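Structure provided below as structure tokens; questions to follow.
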Amino acid sequence: MNIKEAADRLGITPRAIRFYEKKGLLSPAKQESNRYRSFSDQDIWRLQTIVSLREAGMSLSDIKLALEKWEVDGMGELQYYLELQRSILMSEWLQLRQILDMTDRMIGLLKDERGLPIEHIFGLAAASKRLREQRGNWQDRWNFNRLAPTHDERVAAGSGNYADYAEALEKIVRLVVPAKGERGLDIGTGTGNLAGKFLERGCVMSGVDQSREMLRLCQTKHPGMETRLGNFLALPYLREQFDFVVSSFAFHHLSGDQQRLALEEMDRVLKPSGRVAIADLMVPAADDEAHAGFPSASSLVRWFLEHGYTAELRRLNERLHILYARKEE
DNA sequence: CTTCTCACA
DNA sequence: TGTGAGTA
């Protein structure tokens, strides 16, 4: 297949394909006589993956790394591609929801005030742009794929950020009080250590992580568990499916803006009267300069209270806190 | 129709 | 992260 046909079928320009080649993302065979590129089914498949990853907001250099890893692992291509595709569609869907939301608010403003104050328009536009940027930024920034093979050793050591890890997981289970058959979601599930405790108690668990490597290990440890590629900011579930949402040692990777988005996402997938438990490194108050960068326990609690939850906070050590909240209907 | 390079945003 | 023009 020549370059034009390939480009047409993938909905991109021949120029872009040559550009990807120059960047080292693919190397199609070239005909001896005229140096024309000729694209095999494998090449097309690879290109399709590149295009999809681009649409999901991944940079070309990240895509290059991902493809290299993928080749070494030799995993099921179709499954990987489809999971990727699902997470892309999910984040597009969330963006549409966001735009719809903003439109509704503008309609409301028009009704109430017979006109749109200019600062409101700018404010809304800026907010929605920020949201798009945050959501688009879902790459494996912390290289958990690389860390995956040794993850369990590190948490078992219980040192540094993972101090009191085992206690935190136990405490989450005691707070949530899972009933047999309940549906639970573990965000940033990693290798499924927390989700495993709920599986033992007869819950039906789903795990979301942005690292495919982590999820592969998780599948090995817990074959009965459903795992999906995704992250806090675009949970790959439609709505109101879960009796409880839990997360451990993951929330602190989010910035302040992202934390609020993440809480909205948890709220979105939680059934009425659902519970949330988050164990993570937090600082007591937002203005704690000494530990800037960690989530502030008090502002998280405030968010839940403002959104119709009851909330309580437990402290395990200097930084490690557990936040438990229940949706009140 | 394709190749490659240089310039440009 | 690509695009356009010009060339052979």
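Chain letters run A, B, ... following the sequence lines, proteins first, then strands; residues in each count from 1. Please read these numbers as outputs of a predicted model, since none were measured by experiment.
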Legend entry - Spacing between A:Lys64 atom NZ and C:dT1 atom P, to the nearest angstrom: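 These atoms are roughly 12 Å apart.
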Legend entry - Interatomic distance where CG belongs to A:Leu60 and P belongs to C:dT1 [whole Å]: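 The distance from CG of A:Leu60 to P of C:dT1 comes to 4 Å, rounded to the nearest Å.
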Inset, instruction - Please give the nucleotide sitting opposite B:dT2 as a Watson-Crick or G-U wobble pair, both distances under 3.5 Å, or none. - result: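 Pairing partner, where one exists within any strand: C:dA8.
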Legend entry - Pair A:Glu213 + A:Arg216: basic N to acidic O under 4.0 Å: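 Looking at A:Arg216 together with A:Glu213, the answer is yes, because their closest N to O distance falls below 4.0 Å.
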Inset, instruction - Whole angstrom is fine here: how far is it from NZ in A:Lys22 over to P in B:dC4? - result: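 So the NZ-P distance, A:Lys22 to B:dC4, works out to 10 Å.
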Inset, instruction - Starting from the C-alpha separation in whole Å, work towards a yes-or-no answer on side chain to side chain contact (heavy atoms under 4.5 Å, CB included) for A:Lys23 and A:Lys64. - result: CA-CA 8 Å; A:Lys23 290 279 168 185; A:Lys64 188 176 179 194; over 6 Å; no
Legend entry - Touch class at under 4.0 angstrom, heavy-atom based, for A:Arg54 against every strand present: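 The residue A:Arg54 makes sugar-phosphate contact but no base contact.
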Legend entry - Residue-phosphate contact under 4.0 Å: A:Arg37 side-chain N/O, B:dT3 OP1/OP2: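 Indeed, a polar side-chain atom of A:Arg37 lies that close.
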Inset, instruction - Using atom CD1 of A:Ile3 as one end and atom C1' of B:dC4 as the other, report the distance to the nearest whole Å. - result: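 Atom-to-atom, A:Ile3 to B:dC4, this comes out as 12 Å.
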Inset, instruction - Can you tell me the distance, in whole Å, between the CE atom of A:Met1 and the C1' atom of B:dT2? - result: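 Going from A:Met1 (CE) to B:dT2 (C1'), I get 16 Å.
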Inset, instruction - Decide, yes or no, whether a salt bridge links A:Asp152 with A:Lys221 under the criterion of side-chain N to carboxylate O below 4.0 Å. - result: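 Salt bridge present between A:Asp152 and A:Lys221.
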Legend entry - Rounded distance (Å) that lies between atom P of B:dC8 and atom CZ of A:Arg15: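 Whole-Å distance recorded here is 15 Å.
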Legend entry - Interatomic distance, A:Ile17 CD1 vs C:dT3 C1' [rounded to whole Å]: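 Answer to the nearest Å: 15 Å.
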Legend entry - Sidechain N-carboxylate O distance under 4.0 Å for A:Glu200, A:Lys197: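 Judged by the 4.0 Å cut-off on N to carboxylate O distance, A:Glu200 and A:Lys197 do not form a salt bridge.
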Inset, instruction - Select base, sugar-phosphate, or nothing to describe what A:Lys30 touches, counting heavy atoms under 4.0 Å on all strands. - result: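 Counting heavy atoms under 4.0 Å across all strands, the contact made by A:Lys30 is with sugar-phosphate only.
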Legend entry - Short side-chain N/O contact from A:Asn34 to OP1 or OP2 of B:dT3, under 4.0 Å: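 False: A:Asn34 side-chain N/O out of range (4.0 Å or more) of B:dT3 OP1/OP2.
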Legend entry - A:Tyr20 vs C:dT1: side-chain N/O to OP1/OP2 distance below 4.0 Å: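 Checking C:dT1 against A:Tyr20, no side-chain N or O comes under 4.0 Å of OP1 or OP2.
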Inset, instruction - May I ask you to verify if any side-chain N or O of A:Thr13 is less than 4.0 angstrom from the OP1 or OP2 atom of C:dG2? - result: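 No.
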Legend entry - Euclidean distance, atom CZ of residue A:Arg18 to atom C1' of B:dT5 [Å, nearest integer]: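 Distance check: A:Arg18 CZ to B:dT5 C1' gives 12 Å.
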Legend entry - Any donor-acceptor N/O pair, A:Glu182 side chain to A:Cys203 backbone, under 3.5 Å: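 Checked: no pair found.
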